[in-house]
Amino acid sequence: MLLEHVQGKLDALAAQSLTRFLRCADSGTAPRQRVRGPDGVSRELLMFCSNDYLGLAAHPQLRQALIEGAQRWGGGSGASPLVSGHSAAHEAVAHTLAQWYAPHIPQARALGFCTGYMANLAVVTALGDAEAELFCESLNHASLIDGARLARAKVSRYPHADVAQLDAQLAASSAKIKLIVTDAVFSMDGEIAPLPQLLALAEQHDAWLIVDDAHGFGVLGQHGRGALEHFGLCSPRIILVGTLGKAAGLAGAFVVAHDTILEYLLQSARNYIFSTASPPALEHALLSALALIEGEAGQQGRAQLQARQAQLKAGMAALLARHRRLGWYLIDSDTPVQPLVVGGNAEVMQLAARLEQAGIRVPGIRPPTVAPGTARLRITLCAAHTEADVQQLLDELAAAAQEAAA
Ligand SMILES: *Cc1c(COP(=O)(O)O)cnc(C)c1O
């Protein structure tokens, strides 16, 4: 019965062109990566899909740090953090992050998690108790949505970037604890949330601001500290979540908040307490990643990203002006996430397949990840892309648009 039941659901997904495919890479993360096709044959593709924005995953210093970390610490952490899994390497990463955010969050303290998904669940479920109300931005990442589903708090959603509507909802709320929950950079749109306005509302309504900066960390701000640095924000009301699997080129995540909030997370976040701590060797390497983000590699990487973003936007503007009737558009984004909205599910998958035949991989993103009718190519740029790489993408998109228009 179960087999037929789930087969029926799989068939329904296929009928809507919503089946997802797991692709297998035969080489490490880099702009040119060997990836197996549906036929099982591995081919080198020019990738516009990883979130390794600064190209650190392939950095020689990170490789070396992973080796050193393994030599010093061996394999796994052996236990959850409060039992025996917390090491000096974990401590050093948390300490560095607390220092980074001291100018943005008074009395900042940091806590490490194995993934951003877990960090988001932890924050939203621990703070979103029965006395709280969560005010969730409608384009939030799945992990924030799942956190809100698990939380005991009342959950209200506000329309994308609609500060006035949020203001009204906050004013109408009688909850004892009010928590605004938002991505800093929307993962499928690349837009930056209006954080200064959201923080002003938090202050006005005695609310708190949970910010998930998965895509801003390492990328935004002069030192790569993300959206808080980008906007120059400072408030004890900010609770920051960041991931270390994207621009930091490794894996992991962190929460930074006022000491008392952090202490409460440590005491009560179930997925922190009941899950094995990350390997100390990884934390050792993360220290190097943080140094790279802050140092020259990061500075140069952020400048490179800016140049490639400008090149892609200018090229796409010219291309789309020639093919207005296709109805494609590039979402206006100042981050490395540059989505080209195509519309239909089958249409976007055909376009992605066509690019792949030409040796370029850009993932098609469909509902329910994005709203119906806004299926898109999610182009992500990285500092290791060259000008020629971006030109190659533009040329292939121009050829595809020409064909689609014909
Ligand atoms: C990737 C992502 C996460 C999850 O982080 P992981 O470390 O990959 O689990 C959370 N929020 C946003 C906005 C993301 O894009």
Side-chain angles (χ1 to χ4, degrees), residues 20 22 29 48-54 56-57 90 93-94 97 110-125 128 134 136-151 157 160-161 179-195 198 209-220 226-228 230 238-256 269 271-272 275-279 282-283 285-286 289-290 293 331 333-339 363 365 368-370 376 378-382:
R20 301 172 191 263
L22 190 58
T29 304
F48 288 95
C49 36
S50 105
N51 303 310
D52 174 32
Y53 299 122
L54 297 174
L56 294 188
H90 291 83
V93 170
L97 288 166
L111 194 65
F113 284 83
C114 289
T115 70
Y117 192 105
M118 282 186 38
N120 277 337
L121 280 197
V123 169
V124 177
T125 56
L134 295 162
C136 301
E137 149 77 58
S138 61
L139 292 191
N140 274 350
H141 188 260
S143 54
L144 291 173
I145 296 172
D146 291 356
R149 282 183 187 155
L150 281 175
R157 279 183 11 143
H160 175 50
L179 299 158
I180 303 168
V181 184
T182 185
D183 282 17
V185 175
F186 297 98
S187 50
M188 296 301 139
D189 294 61
E191 291 171 340
I192 305 175
L195 294 180
L198 297 181
L209 182 60
I210 298 173
V211 177
D212 171 5
D213 202 14
H215 297 277
F217 181 77
V219 171
L220 297 176
L228 302 188
H230 173 78
I238 299 171
I239 298 153
L240 177 72
V241 181
T243 61
L244 300 166
K246 289 173 178 156
L250 285 164
F254 60 86
V255 178
V256 185
N271 62 9
Y272 184 77
S275 190
T276 301
S278 61
L282 175 68
E283 299 293 320
L286 278 169
L290 294 179
I293 286 175
I331 293 178
S333 150
D334 287 320
T335 68
V337 180
Q338 295 283 329
I365 308 285
T369 309
V370 294
R376 64 198 64 181
R378 180 176 180 269
I379 302 168
T380 53
L381 297 170
C382 113

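No experiment lies behind these values; they were computed from the predicted model shown. Indexing begins at 1, ligand by ligand and atom by atom, following the structure's order. Side-chain atoms are counted along with the backbone in the values below, which use heavy atoms only and exclude waters and symmetry mates.
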Exercise. Below 4.0 angstrom from a heavy atom of Ala214, which ligand 1 atoms are there? Numbered from 1 as shown, please.
Key: 2 (C), 11 (N), 12 (C), 13 (C), 14 (C), 15 (O)
Quiz prompt | Rounded distance [0.5 Å steps], CD1 in Ile331 versus CZ in Arg376 | solution = 4.0 Å
Practice problem: State the CG-CD1 distance between Leu244 and Ile293, to the nearest 0.5 angstrom. | Solution: 7.5 Å
Quiz item: Between OG1 of Thr335 and CZ of Phe186, what distance do you get to the nearest 0.5 Å?
Solution: 11.0 Å
Self-check item: Leu290 CG to Leu250 CG distance, which is reported to the nearest 0.5 Å
Solution: 9.0 Å
Exercise. For atom 11 (N) of ligand 1, find the nearest protein heavy atom and state the residue, atom name and distance (0.1 Å precision).
Key: Asp212 OD2, 2.5 Å
Quiz item: Under 3.5 Å, is there a donor-acceptor pair linking the side chains of Tyr117 and His141?
Solution: no
Exercise. Would you check whether His215 has a nitrogen or oxygen atom less than 3.5 angstrom from a nitrogen or oxygen atom of ligand 1?
Key: yes
Self-check item: Element-labelled atoms of ligand 1 that are located less than 4.0 Å from some non-hydrogen atom of Ser187
Solution: 15 (O)
Quiz prompt | Identity and separation of the nearest protein heavy atom to atom 5 (O) of ligand 1 | solution = Thr243 CG2, 3.1 Å
Quiz item: Can you tell me how far CG of Leu179 sits from CG of Leu134, rounded to the nearest 0.5 angstrom?
Solution: 5.5 Å
Self-check item: Subset of ligand 1 atoms that lie under 4.0 Å from at least one heavy atom of Ser143
Solution: 10 (C), 11 (N)
Quiz item: So, do Asn120 and Asp146 sit near enough that their side-chain heavy atoms are less than 4.5 Å apart?
Solution: no
Exercise. May I ask whether Lys246 has any heavy atom positioned less than 4.0 angstrom from an atom of ligand 1?
Key: yes
Quiz prompt | Those atoms of ligand 1 less than 4.0 Å from some heavy atom in Tyr117 | solution = 4 (C), 5 (O), 6 (P), 9 (O)
Quiz item: How long is the gap from CG on Asn140 to CZ on Arg157, to the nearest 0.5 Å?
Solution: 8.5 Å
Practice problem: Number the atoms of ligand 1 from 1 as they appear, then name those within less than 4.0 Å of a heavy atom of Asn120, with their elements. | Solution: 10 (C), 11 (N)
Self-check item: Sub-4.0 Å atoms of ligand 1 with respect to non-hydrogen atoms of Gly116
Solution: 4 (C), 5 (O), 6 (P), 7 (O), 9 (O)
Quiz item: Applying a 4.0 Å heavy-atom criterion (strictly less than), which segment of Thr115 is in contact with ligand 1: side chain, backbone, both, or neither?
Solution: both
